[in-house]
Amino acid sequence: SAVISQKPSRDICQRGTSLTIQCQVDSQVTMMFWYRQQPGQSLTLIATANQGSEATYESGFVIDKFPISRPNLTFSTLTVSNMSPEDSSIYLCSVELTGKTQYFGPGTRLLVL
Amino acid sequence: GENVEQHPSTLSVQEGDSAVIKCTYSDSASNYFPWYKQELGKGPQLIIDIRSNVGEKKDQRIAVTLNKTAKHFSLHITETQPEDSAVYFCAASPNDYKLSFGAGTTVTVRA
């Protein structure tokens, strides 16, 4: 498996501001992903963080709202921009090891007021 | 894309009894089926997975079965314990890396 950490673990933010979430993994991985989990809901893939190139976004998610960086094979950031209360969610990063096996970080719990 | 349905949404069992969660998927190309357990305040934890070339897999009190013809797979937890109380998610993956998740099942084990 992999040890994945996220910062911050939780935050309360004002609408209109932005928050950058960090994800660090203890080994080099090719595939890193960002998910959103709205309150009481399942997991929805936001984007794949590609090292050395632009992230690949899923339908319904755009780069202007969720810019992603992937400067190396162990680190990625997700920014939630111009936040509104609807952005209140748990944001999770995951990494893929061998054979599609994905491991998740502990999540960042975001509340937007 | 892949659509995964999960049932039941909630499940309450007596400690020591078995719990069964069922999922169906739509894309016949899906070949990887993981199960995750999410405890309150934590990220999802991979507990078991199965690939399309296998019909059943077991790990201590947890087992997963796969029926490719019917496109459904199930999680079985035997001898349930209070620490099994959590939300469980099934997922399916077609030929690429993406996981499509079910809606989740909240399992409560009554002492």
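Values below: every heavy atom of this structure, side chains too, minus hydrogens, waters and symmetry copies. So you know, we letter chains A, B, ... as the sequences are listed, proteins then strands, and number each from 1.
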*Asks:* With a sphere of 6.0 Å drawn around CG of B/Leu40, does it hold more than 12 non-hydrogen atoms of other residues, nucleotides or ligands?
*Replies:*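 Check fails, neighbour count at 12 or below.
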*Asks:* At a 4.5 Å cut-off on heavy atoms, which part of B/Phe89 comes close to chain A: side chain, backbone, both, or neither?
*Replies:*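 Only the side chain of B/Phe89 comes within 4.5 Å of chain A.
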*Asks:* Take B/Ser74 and B/His76, measure what side chain to side chain contact (heavy atoms under 4.5 Å, CB included) needs, and give me the verdict at the end.
*Replies:* CA-CA 7 Å; B/Ser74 300; B/His76 304 252; 3.6 Å; yes
*Asks:* What residue, out of A/Gln6, A/Glu96, A/Gln41, A/Arg109, has the most heavy-atom pairs lying under 4.5 Å from chain B?
*Replies:*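 Highest number of pairs under 4.5 Å: A/Arg109.
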*Asks:* Given the options A/Pro106, A/Ser1, A/Gly105, which has more heavy-atom pairs under 4.5 Å with chain B than any of the others?
*Replies:*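 The option with the most such pairs is A/Pro106.
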*Asks:* Side chain, backbone, both or neither: which part of B/Pro34 has an atom under 4.5 Å from a heavy atom of chain A?
*Replies:*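 For B/Pro34, there is no contact with chain A at all, as no heavy atom is under 4.5 Å.
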*Asks:* Anything under 30° is parallel, anything over 60° is perpendicular, the rest tilted; go ahead and classify B/Tyr36 against A/Phe104.
*Replies:*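 B/Tyr36 and A/Phe104: perpendicular rings.
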*Asks:* Anything in residues 13-32 of chain A with a heavy-atom distance to chain B below 4.5 Å? Please list those residues in order.
*Replies:*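 Those residues of residues 13-32 of chain A which have a heavy atom under 4.5 Å from chain B are A/Met31.
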*Asks:* I would like to know whether B/Asp49 and B/Trp35 meet side chain to side chain contact (heavy atoms under 4.5 Å, CB included); could you show each step before the answer?
*Replies:* CA-CA 6 Å; B/Asp49 57 8; B/Trp35 286 88; over 6 Å; no
*Asks:* I'd like to know whether A/Lys65 forms a salt bridge (charged side-chain N to carboxylate O under 4.0 Å, His left out) with A/Asp87, so could you lay out the CA-CA distance, the side-chain angles of the two residues, the decisive distance to 0.1 Å, and finally the verdict.
*Replies:* CA-CA 10 Å; A/Lys65 177 66 176 176; A/Asp87 294 319; 2.7 Å; yes
*Asks:* Considering only heavy atoms, which portion of B/Gln38 lies under 4.5 Å from any heavy atom of chain A: side chain, backbone, both, or neither?
*Replies:*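 Answer is side chain: those atoms of B/Gln38 sit under 4.5 Å from chain A.
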*Asks:* Working note: A/Phe66 + A/Tyr57, criterion side chain to side chain contact (heavy atoms under 4.5 Å, CB included); need CA distance, chi angles, decisive distance, verdict.
*Replies:* CA-CA 9 Å; A/Phe66 298 101; A/Tyr57 290 85; 4.2 Å; yes
*Asks:* Just so I understand: if I count every heavy-atom pair under 4.5 Å between each of B/Gly41, B/Gly1, B/Gly102, B/Gly104 and chain A, which residue has the most?
*Replies:*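 Most heavy-atom pairs within the cutoff with chain A belong to B/Gly41.
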*Asks:* What part of A/Leu43 lies closer than 4.5 angstrom to a heavy atom of chain B: side chain, backbone, both or neither?
*Replies:*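 For A/Leu43, the contact with chain B is made by backbone and side chain together.
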*Asks:* Heavy atoms only: give me the nearest A/Leu45-B/Lys98 pair and the separation to one decimal.
*Replies:*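 Closest heavy-atom pair between A/Leu45 and B/Lys98: CD2-CG, 4.2 Å.
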*Asks:* Show your working on salt bridge (charged side-chain N to carboxylate O under 4.0 Å, His left out) between B/Glu5 and B/Lys22 and close with a plain yes or no.
*Replies:* CA-CA 8 Å; B/Glu5 294 191 357; B/Lys22 298 182 179 181; over 6 Å; no
*Asks:* Is the number of heavy atoms from other residues, nucleotides or ligands within 6.0 Å of CD (B/Gln14) greater than 12?
*Replies:*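 Yes.
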*Asks:* Which one, A/Ile90, A/Leu92, A/Thr101, leads in non-hydrogen pairs under 4.5 Å with chain B?
*Replies:*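 Answer, by heavy-atom pair count under 4.5 Å with chain B: A/Thr101.
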*Asks:* Checking side chain to side chain donor-acceptor pair (under 3.5 Å) between B/Arg61 and each of B/Thr78, B/Thr80, B/Asp84, which is the one that passes?
*Replies:*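 The passing option is B/Asp84.
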